[in-house]
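Each remark here refers to the structure printed beneath this line.
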Amino acid sequence: MNMSATTSTLIPLEAVDPAMIEQLLDRAFGPERFGRTAYIVRQGTDGLPGLSFAAMDEEGLLVGTIQVWPVALTDPDGRRHPMLMVGPVAVVPERQGEGFGQALMAAMLDALDDRTPLPQVLIGDAEYYGRFFGFHAEPTGEWTLPGPWERHRLLVRAPNPAILPREGSLGPWRD
Ligand SMILES: CC(C)(COP(=O)(O)OP(=O)(O)OC[C@H]1O[C@@H](n2cnc3c(N)ncnc32)[C@H](O)[C@@H]1OP(=O)(O)O)[C@@H](O)C(=O)NCCC(=O)NCCS
C-alpha cells in the first residue's frame with residue numbers, strides 16, 4: 001500500500017462544509033447514490049458525529065470521509081438490537097489506493113467504546129472490509145433489508161458474533 005495517508009490529517013466530519021461532503025460522495029458513488037439500500041436503512045436518523053471523520057491531504061484538500069449511523073436489527077420476536085451502520089466510506093477517485101480508506105476505518109474503530117461495542121454493519125466488498133477489518137457476511141445470511149442488496153455484501157463485525165440474532169430486519173434506530 002502507498003502510505004500517503006500516513007501524512008494526511010483526520011478531522012471530525014462535523015468540521016467540514018456539508019456541501020463539500022456531498023460533492024465528494026457524488027464523485028465516489030455517483031448522484032444516483034440516494035436510491036441505494038444503505039440510504040434507506042438509515043433514513044431519518046442523524047449520523048453519529050463522534051464516529052464520523054474526514055481525511056484531508058497534505059494540501060488541506062478533502063479526500064475522504066466516513067460516516068456512521070444508529071440502526072437496529074429487529075428480530076422475529078420484535079426485539080430491537082442496536083447496531084452501528086458504517087458508510088458511506090468514500091475516497092476521491094484520484095486518491096484511492098493510498099491508504100485513506102483504511103485510515104478512516106481505523107479512526108472510526110479506534111473511537112468505538114470498548115466497554116459497549118455495538119456490532120458494526122455495512123454493505124460493501126468483503127475483499128476489502130473482511131481482509132483489513134474482520135467483517136463477515138456469514139452472520140447476516142438470514143437478515144433482511146428494506147431494499148435490494150447482494151447477500152455476500154452485507155457484512156458485520158462484532159466482538160462476539162454469537163450474540164447476533166440469526167434472523168432480523170435492519171432499519172433505522174428510532175426511539
Ligand atoms: C473502497 C474505498 C473506500 C477504499 O479506500 P482506498 O483509500 O481506495 O483504499 P486503501 O488505500 O485503504 O486500501 C488499498 C488496498 O485495498 C484494496 N481495495 C481497495 N478497494 C477495494 C475494494 N472495493 N475491494 C477489494 N479491495 C479493495 C486495494 O486493492 C489495495 O490493496 P493492496 O494494499 O493489496 O494493494 C475507496 O476505494 C472508495 O471510495 N471507493 C468508491 C466507493 C466505494 O465503493 N465505497 C465502499 C462502499 S461503502
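Atoms within a ligand are numbered from 1 in the order they appear, just like the ligands themselves. We use all heavy atoms of the structure for the numbers below, so side chains are in, but hydrogens, waters and symmetry mates are not.
A side-chain donor-acceptor contact under 3.5 Å links Ser52 to the backbone of Val68. Checking side-chain atoms of Arg166 against main-chain N and O of Trp143 turns up no donor-acceptor pair under 3.5 Å. Checking side-chain atoms of Asp77 against main-chain N and O of Arg79 turns up no donor-acceptor pair under 3.5 Å. In this structure a side-chain-to-backbone donor-acceptor pair under 3.5 Å is missing from Gln67 to Pro88.
With Pro139 as the partner, the side chain to side chain contact (heavy atoms under 4.5 Å, CB included) test is satisfied by one option alone out of Leu155, Leu154, Val156: Val156.
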Side chains of residues 17-36: which donor-acceptor pairs under 3.5 Å do they make with residues two or more places apart or in other chains?
from, atom 1, to, atom 2, distance (Å)
Asp17, OD1, Ala19, N, 3.0
Glu22, OE1, Arg33, NH2, 2.8
Asp26, OD1, Arg33, NE, 2.9
Asp26, OD1, Arg33, NH2, 3.1
Arg27, NH1, Glu94, OE2, 3.4
Arg27, NH2, Glu94, OE1, 2.6
Arg33, NH1, Tyr39, OH, 2.8
Arg33, NH2, Glu22, O, 3.3

Could you pull out every donor-acceptor pair under 3.5 Å between side chains of residues 118-129 and any protein atom, sequence neighbours left out?
from, atom 1, to, atom 2, distance (Å)
Gln120, OE1, Arg157, NH1, 2.9
Gln120, NE2, Leu118, O, 3.0
Asp125, OD1, Arg153, NE, 3.2
Asp125, OD1, Arg153, NH2, 3.1
Tyr128, OH, Gln102, N, 3.1

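If you look at Val89 next to ligand 1, the close heavy atoms, those under 4.0 Å, come from the backbone and the side chain alike. Only the backbone of Glu98 comes within 4.0 Å of ligand 1, counting heavy atoms alone; no side-chain atom from C-beta on gets that close.
If you number the atoms of ligand 1 from 1 as listed, the ones under 4.0 Å from a heavy atom of Glu127 come out as 25 (C). Of all the atoms in ligand 1, the ones that sit under 4.0 Å from a non-hydrogen atom of Gly97 are 6 (P), 7 (O), 8 (O), 9 (O), 11 (O). Close contacts of ligand 1 with Val91, meaning ligand atoms under 4.0 Å from a residue heavy atom, involve 5 (O), 7 (O), 38 (C), 39 (O). Proximity to Ala90 (heavy-atom distance under 4.0 Å) selects the following atoms of ligand 1: 39 (O). Of all atoms in ligand 1, numbered sequentially from 1 with element shown, those under 4.0 Å from a heavy atom of Phe132 are 15 (C), 16 (O). Residue contact check: Gly101 has heavy atoms under 4.0 Å from atoms 5 (O), 6 (P), 7 (O), 12 (O) of ligand 1.
Comparing Phe29, Phe100, Tyr129, Tyr128 against atom 16 (O) of ligand 1, the shortest heavy-atom distance belongs to Tyr128.
A 4.5 Å side-chain heavy-atom check between Val16 and Leu62 finds at least one atom pair inside the cut-off.
At least one heavy atom of Arg131 sits closer than 4.0 Å to an atom of ligand 1. Under the 4.0 angstrom criterion for non-hydrogen atoms, Gly87 is not in contact with ligand 1.
Between Gly99 and ligand 1, at least one pair of N/O atoms sits closer than 3.5 Å.
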